[in-house]
Amino acid sequence: MDGDATYATRRKTLSVSWTLLTSSFAFIVLLCALCLFFFFHPRTCRPMSIGSGFGSTEMILEEIYGFDYGRVENEYGDTDVRLPAEVVPESYDLRIIPFLWAGNSTFDGQVDIVVNATAPVDSVTLHAVDLNMTECLVTRYPKMVLNEHVMADSVFVAIQETQQDLSRQFFIIKFKDTQPADHQYNIHIKYTGRLQDNMEGFYKSSYNVGNTTRWIAATQFQPTDARKAFPCFDEPALKAKFTVSIARPGHMSSISNTGLKYVDNKLPALPQSLEYYEWDTFEQTVPMSTYLVAFIISDFEYLSSETFRVWARSDVLSHTHYARDIGPSILKFYEEFFSIPYPLKKTDLVALPDFAAGAMENWGLVTFREIAMLYNEGVSPNSQKERVATVIAHELAHQWFGNLVTPDWWSDLWLNEGFATYIEYVGVDHVEPKWKMEEQFISSGIQSVFLMDSLKSTHPISARVSRPEEINELFDRISYDKGASVIRMMDHFLTRQVFRKGLTKYLNAKAYKNAYHDNLWDALTEQAQADRVMDNTLTVKDIMDTWILQPGFPVVNVTRNYEVDTLIVSQSRFLLHKTKNVYKADQPNHLWWIPLTFTTSSKLDFSVTKPSHWLKPEEFMMITETGISSNDWVLFNINETGFYRVNYDSKNWNMLIEYLTDPELYSNIGTINRAQLIDDAMSLSRAGYLSYQTSLDLTKYLYHETEYVPWKSAYRSFTYLHQMLIKTSIYDKLKAYVLHLISPMYKITGFADNPRDDQLIIYKRSNLLSCACELGHTGCVRNAVAQFQNWKSNPQPEKNNPISPNLKAIIYCTAISYGSEEEWDFAWKMYKMTTVASEKDLLLDALGCSRETWILARFLSYALQNNSSIRNQDISKVFYALTNKVAGQEVAWNYVRDNWRNLKSTFAAGFSTMSEIIKSATYHFNTKNDLIQLWQFYKDEYDHLGSARRSVLQSIENAEANVNWMERNFKTISNWLQNTTLYLSQFTNEVD
């Protein structure tokens with residue numbers, strides 16, 4: 001063998017060995033580093049799907065159970081998106097030319113903004129999104145009388161450059177030299193934009209008359225979309241006056257916040273191609289925030305009552321009569337209630353075919369979805385009439401709370417929405433006193449928001465927000481319904497007279513300005529102390545800060561010493577479930593100022609809602625020498641005016657149950673408090689504070705309950721049991737029990753509707769029949785199917801519908817549920833043919849009632865296809881309809897999970913829509929597999945959740961609570977229902 005060859009071979013072998021050794025060592029080091037990294041950062045490694053080699057079921061569940069919902073912080077980053085404070089707008093002169101024809105979705109704009117500089121500035125920063133700036137000029141004037149400038153003294157300011165900061169949505173004008181303070185500047189900008197197609201900013205819409213397409217251009221700016229229509233200082237505190245000019249086709253009309261000043265076809269000159277366009281220039285507005293600016297170009301027609309007009313498509317203009325009739329009455333009532341005249345000269349209400357929100361309070365030009373403003377007597381149900389009244393009352397309340405006085409920043413959105421939500425009930429009660437709005441607020445306001453606020457992932461009413469995604473998150477039930485509930489509580493503990501005087505003082509002091517919640521507390525405290533309703537040592541701020549600055553609400557525990565006549569009242573935060581990672585030392589100790597009211601079986605006084613005692617922010621207090629007999633029950637929170645739940649010792653619960661089950665005595669307890677007892681007891685059991693043995697025993701009294709509000713509370717609780725137990729072996733026993741409870745009312749009510757009945761009697765009948773048909777009551781199902789077939793067999797069903805409007809929802813849903821493809825196709829055909837908004841709404845709901853998953857999947861595909869008969873604004877309703885029934889829940893969830901990013905794009909404008917879709921699609925989740933699916937969705941779509949992030953976490957927390965509920969309560973409820981079977985057997989035939 002050659003010596004050189006042997007050496008070369010040996011050298012090659014050594015080289016390979018050394019390479020292998022080095023590579024192995026590097027691999028081991030890398031593996032150790034990775035192990036250490038994932039040991040210290042376990043959440044960085046996302047678990048794979050169930051059954052994969054990466055992340056077992058136990059590991060995933062451990063990760064879920066270890067998540068701290070109470071520490072959900074701002075995850076959008078720390079970027080400062082607030083405008084600099086040195087430049088303050090004073091007035092805008094806005095001119096816009098929209099191009100309204102097929103194939104063109106653009107607009108031209110020009111804006112002149114007069115601003116004041118409060119400090120030397122080297123730039124001006126505005127908001128602008130999706131706008132192309134074509135010209136920018138800045139002129140400086142000495143600061144003189146408002147808008148009166150001496151032209152000789154004007155100076156053009158040299159601009160170094162303009163920039164767009166896309167992430168912060170800024171348009172920045174940089175000057176070559178620093179400009180002095182205490183001068184006014186005119187910012188002149190020409191630009192072009194695109195009419196949006198997602199119902200936000202300045203957007204384009206259409207509707208058909210026969211085979212002709214009619215075009216509309218409309219606006220929706222709240223909270224941060226004025227910047228999509230014109231460059232502006234788009235923050236609520238930066239109020240200014242606006243002069244708006246709109247160029248429109250000559251055959252159309254335009255409306256804006258103020259009255260029309262003049263029409264001109266020359267100012268400014270229009271292009272030759274737009275010679276048939278005309279300019280409408282409107283009166284200058286009062287000082288207001290950018291999000292309240294509005295303008296609409298359409299061929300709509302209107303009805304009027306003096307300076308109050310209602311606008312709609314000509315085909316449905318007759319459906320606006322009710323809105324036209326009640327609107328002025330509500331407006332006048334508010335003027336008297338607030339003791340402040342309506343500030344504007346006119347009010348327009350407009351029903352739009354495409355509108356993302358339910359309605360919008362633009363000052364002087366209030367916009368609505370058609371379903372929220374149109375009522376067709378004899379076709380629409382009574383509930384639609386109430387919906388129209390409440391939405392109009394809500395938006396008109398904003399003309400004072402939100403428009404006249406505007407929160408300084410979106411953190412206090414509740415000052416807008418909470419007040420408008422509460423005052424809407426007061427306003428509707430004025431025009432429709434028979435509707436008992438105070439009672440209805442209990443079920444639709446307080447009790448409906450308790451669930452969301454019992455989650456650790458809830459948020460304070462007043463929450464710190466910055467970016468648009470965070471702002472959008474606040475448009476939820478906490479800001480609206482909890483805000484309204486604590487305002488109602490304040491109304492009661494201050495008394496109505498003091499409350500009204502304090503509001504007037506606040507509104508007058510801050511008119512045309514901005515406010516912080518402390519400004520309201522100061523005005524109310526001053527009035528309360530002046531009228532000696534509140535001691536000088538206590539302020540409204542002391543009390544209310546505990547309700548708006550911390551999340552959740554308390555459960556008040558009442559423990560009696562029956563021998564020495566004392567009560568121990570304690571408080572703690574009410575939580576739907578306690579996650580497994582809760583360590584008391586790490587948790588904030590939430591405590592509240594709680595107004596206490598109570599009565600007894602001897603006093604039976606349900607009229608006094610001014611508190612007799614205050615539970616301070618301490619864990620407990622003792623009330624001595626109460627004078628309550630040991631044989632009397634005690635009941636706290638009269639008329640549920642306080643935003644809290646109440647739990648009692650077992651003896652007091654038993655005395656309440658015994659009293660309620662006596663058909664001669666139960667009605668001595670006020671209607672609202674009967675509803676409260678049901679809702680509190682069943683919710684306390686759901687959260688593990690009270691045995692289901694006690695709460696279910698209490699529901700037995702419902703056999704002789706005849707009022708709507710207690711039954712409404714009961715239906716909510718039974719609906720939860722229905723969702724949890726429908727796939728279990730004991731569901732038949734739950735059905736039998738509920739059918740037994742409703743049997744006396746069903747015998748009295750029957751299947752006949754009387755539209756002349758009082759509103760709550762109509763609602764009671766509707767809920768009763770809905771429950772009976774849902775549970776398979778033979779007579780109910782038979783009647784519903786027969787009435788639907790009678791309609792279906794009519795030669796002209798689109799014109800002649802014999803079904804009573806108040807029974808349509810029940811009959812449509814039941815017939816489709818028990819029917820075949822034929823019934824579904826008929827309802828779909830009727831949906832496409834009707835022009836009545838409420839009828840479309842009812843049919844869309846009913847189309848989700850089929851038990852055939854393929855039909856429901858087809859329904860969803862119909863909704864999401866191009867050129868669908870279902871408008872984009874109504875697609876969310878399709879999801880809600882699907883999730884109301886077991887067959888559709890999986891269809892809806894699978895689609896949401898697999899197509900989240902496309903849905904998010906579709907609903908870009910409906911920031912609350914995505915949140916509600918997630919909640920409705922997962923509300924029923926109660927197995928570990930369900931929980932893991934939802935958690936995996938959260939992790940997979942984490943970067944794409946946007947403003948739905950908190951809602952997804954709330955859904956995960958709710959699913960976790962449901963899983964724990966099944967483990968904790970199934971056996972107890974099963975035994976209770978089993979033991980009740982013998983009792984129910986004697987009533988087997990009474991519900992047939």
Next on the checklist: Donor-acceptor pair, distance only, cut-off 3.5 Å: does the side chain of Asn926 make one with the backbone of Met724?
Outcome noted: yes
Next on the checklist: When you compare the side chains of Trp976 and Asp697, does any donor N or O come within less than 3.5 Å of an acceptor on the partner?
Outcome noted: yes
Checklist entry - Is Arg674 salt-bridged to Glu705, going by a charged N under 4.0 Å from an acidic O? => result yes
Checklist entry - Side chains of Tyr715 and Ser770: do they bring a donor and an acceptor to under 3.5 Å? => result no
Next on the checklist: Closer than 3.5 angstrom, by distance alone: can the side chain of Arg686 be matched with the main-chain N or O of Leu576 as a donor-acceptor pair?
Outcome noted: no
Item to check | Between CH2 on residue Trp633 and OG1 on residue Thr600, distance to nearest 0.5 Å | outcome: 6.5 Å
Next on the checklist: Just checking Lys651: does its NZ atom have more than 12 heavy atoms from other residues, nucleotides or ligands closer to it than 6.0 angstrom?
Outcome noted: yes
Item to check | Pair Trp653-Asn647, side-chain donor/acceptor within less than 3.5 Å | outcome: yes
Item to check | Phe553/Ser485 under side-chain contact (heavy atoms from CB on, under 4.5 Å): CA gap, chis, key distance, verdict | outcome: CA-CA 11 Å; Phe553 63 92; Ser485 298; over 6 Å; no
Next on the checklist: For Arg560 and Asn652, which I'm curious about, is there any donor-acceptor pair between the side chains at under 3.5 Å?
Outcome noted: yes
Checklist outcome for this item: Between the CG atom in Leu769 and the SG atom in Cys780, the distance rounded to the nearest 0.5 Å is 5.0 Å
Checklist entry - If you measure from CG on Leu494 to CD1 on Ile543, what distance do you get to the nearest 0.5 Å? => result 7.5 Å
Next on the checklist: Are His722 and Tyr731 an aromatic pair, judged by ring center distance below 6.0 Å?
Outcome noted: yes
Checklist entry - Cation over ring, Arg500 on Phe337, under 6.0 Å and within 45°? => result yes
Next on the checklist: Is it the case that atom NZ in Lys616 sees more than 12 heavy atoms from other parts of the structure closer than 6.0 Å?
Outcome noted: no
Next on the checklist: Please give me the minimum heavy-atom distance between Ser572 and Asn557, naming the atom from each residue.
Outcome noted: OG-ND2, 4.1 Å
Next on the checklist: Quick one: does any side-chain atom of Asp542 pair with a main-chain N or O of Thr539 as donor and acceptor, under 3.5 Å?
Outcome noted: yes
Checklist outcome for this item: Heavy-atom nearest pair, Thr694 first then Ile657, reads O-CD1, 3.5 Å
Next on the checklist: For Tyr763, give me all partners under ring-ring contact (aromatic ring centres under 6.0 Å, His included), at least two apart in sequence or on another chain.
Outcome noted: Tyr708
Next on the checklist: Ignoring hydrogens and geometry beyond distance, is a side-chain donor-acceptor pair present between Glu957 and Ser457 at under 3.5 Å?
Outcome noted: yes
Checklist entry - Would you say the side-chain atoms of Thr597 pair up with the backbone N or O of Ile638, donor to acceptor, closer than 3.5 Å? => result yes
Next on the checklist: Quick one about Glu432 and Gln759 (side-chain donor to acceptor, distance below 3.5 Å, no hydrogens or angles considered), yes or no?
Outcome noted: no
Next on the checklist: In the structure I gave you, are the side-chain heavy atoms of Leu660 and Lys700 within less than 4.5 Å of one another anywhere?
Outcome noted: no
Item to check | Polar side chain donor-acceptor pair, Gln676 to Asn673, under 3.5 angstrom | outcome: yes
Next on the checklist: I'd like to know if the side chain of Arg645 reaches the main chain of Ala681, judged simply by a donor and an acceptor atom lying under 3.5 Å from each other, with no hydrogens or angles considered.
Outcome noted: no
Checklist entry - Just how far is it from atom CG of Leu725 to atom NZ of Lys735, taken to the nearest 0.5 Å? => result 13.0 Å
Next on the checklist: Within this structure, what is the CG-OH distance for the pair Leu684 and Tyr692, rounded to the nearest 0.5 Å?
Outcome noted: 10.0 Å
Item to check | Partners meeting ring-ring contact (aromatic ring centres under 6.0 Å, His included) with His430 (sequence neighbours left out) | outcome: Phe333
Checklist entry - Given the rule in the side-chain hydrogen bond (donor to acceptor under 3.5 Å, both in side chains) test, do Tyr720 and Asn962 qualify, once you have shown the distances and angles that lead to the verdict? => result CA-CA 10 Å; Tyr720 179 71; Asn962 289 344; 2.7 Å; yes
Checklist entry - Under 3.5 Å, is there a donor-acceptor pair between the Ser601 and Asp632 side chains? => result yes
Item to check | Lys/Arg-Asp/Glu bridge criterion (N-O < 4.0 Å) met for Arg477, Asp453 | outcome: no
Item to check | Check: Phe441 and Ile446 side chains under 4.5 Å, non-hydrogen atoms | outcome: yes
Checklist entry - Does the pair Ile973 and Trp965 meet the rule for a side-chain contact (heavy atoms from CB on, under 4.5 Å), with working shown? => result CA-CA 11 Å; Ile973 294 173; Trp965 184 92; 3.3 Å; yes
Item to check | Residues, nucleotides or ligands: over 12 heavy atoms within 6.0 Å of Tyr562 OH | outcome: yes
Checklist entry - Do Thr641 and His492 have a side chain donor and acceptor closer than 3.5 Å? => result no
Item to check | Short side-chain to backbone donor-acceptor contact, Ser443 and Val709, under 3.5 Å | outcome: no
Checklist outcome for this item: Between Ala397 and Ala420 the two heavy atoms that sit nearest each other are CB-CA, 4.1 Å
Checklist entry - Can Met745 and Arg765 be said to form a side-chain contact (heavy atoms from CB on, under 4.5 Å), step by step? => result CA-CA 9 Å; Met745 269 210 305; Arg765 179 184 296 116; over 6 Å; no
Checklist entry - Within the distance-only criterion (no hydrogens, no angle test), does the side chain of Tyr425 pair as donor or acceptor with the backbone N or O of Gln440 below 3.5 angstrom? => result no
Next on the checklist: Could you check whether any side-chain heavy atom of Thr525 comes within less than 4.5 Å of a side-chain heavy atom of Lys541, counting everything from C-beta outward?
Outcome noted: no
Next on the checklist: Is there a side-chain contact between Asn964 and Glu960 in this structure, where contact means two heavy atoms from C-beta onward sitting under 4.5 Å apart?
Outcome noted: yes
Next on the checklist: Closer than 3.5 angstrom, by distance alone: can the side chain of Ser479 be matched with the main-chain N or O of Asp476 as a donor-acceptor pair?
Outcome noted: no
Checklist entry - Between Asp758 and Lys434, is there a donor-acceptor pair closer than 3.5 Å when you use the side chain of the first and the backbone of the second? => result no
Next on the checklist: side-chain contact (heavy atoms from CB on, under 4.5 Å), that's the test. Do Ile568 and Asn561 meet it? Break it down for me.
Outcome noted: CA-CA 8 Å; Ile568 295 178; Asn561 187 322; over 6 Å; no
Item to check | Crowding at CD, Glu438 (>12 non-hydrogen neighbours, <6.0 Å) | outcome: yes
Next on the checklist: Suppose we call two aromatic rings close when their centres sit under 6.0 Å apart. Are Phe643 and Trp592 close by that rule?
Outcome noted: no
Next on the checklist: Suppose we screen for salt bridge (Lys or Arg N to Asp or Glu O under 4.0 Å). Which residues come up paired with Arg496, at least two apart in sequence or across chains?
Outcome noted: Asp491
Checklist entry - Just by modelled atom types, is the Val533 backbone N or O under 3.5 Å from a matching donor or acceptor in the Asp531 side chain? => result no
Item to check | Heavy-atom closest pair, residues Gly552 and Thr458 | outcome: N-CG2, 3.9 Å
Checklist entry - Mind checking whether Met452 and Lys919 have side chains closer than 4.5 Å, heavy atoms only? => result yes
Item to check | Single hit among Phe718, Tyr923, Phe925 for side chain to side chain contact (heavy atoms under 4.5 Å, CB included) with Gln723 | outcome: Tyr923
Item to check | Exercise: identify the closest heavy-atom pair between Pro554 and Tyr644 | outcome: O-CB, 3.2 Å
Checklist entry - With a 6.0 Å cut-off on ring centres, are Phe574 and Tyr689 close enough? => result yes
Next on the checklist: Measuring only between side-chain heavy atoms, which start at C-beta, is Ile548 closer than 4.5 Å to Trp521?
Outcome noted: yes
Next on the checklist: So, taking the atom named CG in Asn668 and the one named OH in Tyr666, what distance separates them when rounded to the nearest 0.5 Å?
Outcome noted: 10.0 Å
Checklist entry - Do you know the tightest heavy-atom contact between Tyr737 and Leu696? => result OH-O, 3.6 Å
Item to check | Distance-only polar pair, side chains of Thr671 and Glu439, donor-acceptor under 3.5 Å | outcome: no
